[in-house]
Trainee: 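I have a structure here, written as structure tokens, and I will follow up with some questions on it.
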Amino acid sequence: MANKVEENSLLTTAELEQYYREMLFIRHFEEKCNVAYRQGKAGGYMHVYIGMEALAVAFINSIRKGHDYVITAYRDHAHALMLGTDPVAVMAEIMGRSAGTAGGKGGSMHIYDPKNGFYGGWGIVGGHIPLGAGLAFAAKYRGEDRVTLNFMGDGASNQGVVFETLNMSGLWDLPCLYIVENNEFAMGTRLEYHAADMELWKRGQAFGIRSERIDGMDIIELKKNAQEAIDYVRNEGKPMWLEIMTYRFAGHGAADNDRQLYRTKEEEQKNFERDPVKRLATYLIENKIATVEKLDAIDADTHEQVERIYELADASPFPNKDEVYHNIYSDMTPEVGH
Ligand SMILES: Cc1ncc(C[n+]2csc(CCOP(=O)(O)OP(=O)(O)O)c2C)c(N)n1
Ligand SMILES: [Mg+2]
């Protein structure tokens, strides 16, 4: 039977445990990616989602998976994992192997899996925002009730093309949810050095778009707000702009080894206390929804899963020379009724 806590949060014990498991799975997956990078098994650029796990978990659990569309920038592993992309294919892509989502040609920044509604994985800051609006336009034009989740960073939200896209979205009522993952940094540039107005949530308002700022570290609150926003976009057939307050726990990318050049250890420590995984663990234990032993078992289990994923990805060969022109371009036109 649902207890008081569950009634308040409108989430069941099973859902809360699922989100805990998913956030931990992403965290262990990302930690393993960092290991792979240090081993020289992942090349190029790689950016992990540690500290931000609640965002992908809350939003992607609030859509119709495989029906709705998702697009994001290069910090993209978690979005694919949450949409149901084979985790071995994600890890193999990061390691440049033929079992990867793009046969090992895209790498970490270009995970792509349209069968699961994932349209990438893009490296040019802000470049994918109009592409996401295009997905939303296609859905509207075809009379489909699909929602597009268009994720971007706080830095990306300064790009000129974002404002053009918002104008068209407001003008044409595109069913697109813009989600600004405000992790307080654009590479080594702090928010206060890159944004004239740090209240990024206001930016949608200029285009008549409903706009809000939401906490991104409390998965219970976030899940409720994410569902409400997605329902609004789907039911009203209108865009929405959200700023989600989070923090990037790791460096910008795997090659960023000197975070103290742009932030202090004290600041980091203060923000690590906002950890969405620890926060949910405390909530589950204090409210007697789960025991410490249960949470430890989930931790060990997800850790073990990731180890196996890594081994399978590592067993996949590098692409053959004759595959060099495969998986380079993709027709992004969403298939009708996929
Ligand atoms: C058009 C363009 N300019 C610059 C870069 C270099 N660059 C890569 S990531 C990044 C910072 C983006 O920060 P943000 O949008 O906040 O995303 P986050 O990395 O925090 O997720 C920059 C400037 C780029 N990839 N594309
Ligand atoms: Mg950022």
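In listed order, ligands and their atoms are each counted from 1.
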Trainee: Which residue and atom name correspond to the protein heavy atom nearest atom 25 (N) of ligand 1, and how close is it?
Mentor: Gly123 O, 3.0 Å
Trainee: Pull out every atom of ligand 1 sitting under 4.0 Å from any heavy atom of Tyr74, numbered as shown with elements.
Mentor: 9 (S), 10 (C), 11 (C), 12 (C), 13 (O), 14 (P), 17 (O), 18 (P), 19 (O), 21 (O)
Trainee: What is the ring orientation for Tyr178 with Trp241, classed by angle as parallel under 30°, tilted 30 to 60°, or perpendicular over 60°?
Mentor: tilted
Trainee: For ligand 1, which atoms have a heavy atom of Met187 less than 4.0 angstrom away?
Mentor: 7 (N), 8 (C), 9 (S), 10 (C), 11 (C), 22 (C), 23 (C)
Trainee: Of all the non-hydrogen atoms in the protein, which one sits nearest to atom 15 (O) of ligand 1, and at what distance?
Mentor: Ala156 N, 2.8 Å
Trainee: Indicate whether any N or O donor in one side chain lies under 3.5 Å from an N or O acceptor in the other, for His77 and Ser108.
Mentor: yes
Trainee: Is it true that the side chains of Glu30 and Asn34 contain a donor and an acceptor less than 3.5 Å apart?
Mentor: no
Trainee: Could you list the atoms of ligand 1 found under 4.0 angstrom from a heavy atom of Ile124?
Mentor: 1 (C), 26 (N)
Trainee: Could you label the plane-to-plane angle of the Tyr119 and Tyr112 rings as parallel, tilted or perpendicular, counting under 30° as parallel and over 60° as perpendicular?
Mentor: perpendicular
Trainee: Tell me whether the centres of the aromatic rings in Tyr45 and Tyr74 are closer together than 6.0 Å.
Mentor: no
Trainee: With a cutoff of 4.0 Å, is Gln159 in contact with ligand 1, counting heavy atoms of the residue only?
Mentor: yes
Trainee: Under 3.5 Å between any N/O of Phe185 and any N/O of ligand 1: does that happen in this structure?
Mentor: yes
Trainee: Does any N, O or S atom of Asn182, backbone or side chain, fall under 2.8 Å from the Mg ion (ligand 2)?
Mentor: no
Trainee: Considering only heavy atoms, does Asp154 approach ligand 1 within less than 4.0 Å through its side chain, its backbone, both, or neither?
Mentor: both
Trainee: Do Glu22 and Asn61 get their side chains close enough for a donor-acceptor pair, meaning under 3.5 Å?
Mentor: yes
Trainee: Would you say the side chains of Lys202 and Ser211 form a donor-acceptor pair under 3.5 Å?
Mentor: no
Trainee: I want to confirm something. Looking only at heavy atoms, which of Val125, Val180, Thr72, Asn182 is nearest to atom 3 (N) of ligand 1?
Mentor: Val125
Trainee: Going by heavy atoms, is His252 under 4.0 Å from ligand 1?
Mentor: yes
Trainee: Determine whether the aromatic ring centres of Tyr49 and His79 lie less than 6.0 Å apart.
Mentor: yes
Trainee: Angle at the Mg ion (ligand 2) between O of Phe185 and OD1 of Asp154, to 10°?
Mentor: 110°
Trainee: Quiz question: by atom type and distance under 3.5 Å, do the side chains of Lys265 and Gln269 form a donor-acceptor pair?
Mentor: no
Trainee: Does Arg75 have a heavy atom less than 4.0 Å from any atom of ligand 1?
Mentor: yes
Trainee: With heavy atoms of Asn183 as the reference, note each atom of ligand 1 found under 4.0 Å away.
Mentor: 18 (P), 20 (O), 21 (O)
Trainee: By number and element, which atoms of ligand 1 are closer than 4.0 Å to a non-hydrogen atom of Gly155?
Mentor: 14 (P), 15 (O), 16 (O)
Trainee: Examine ligand 1 and decide if any of its atoms is less than 4.0 Å from a heavy atom belonging to His47.
Mentor: no
Trainee: Does Arg190 count as lying over the ring of Phe185, i.e. NZ or CZ under 6.0 Å from the six-ring centre, within 45 degrees of the axis?
Mentor: no
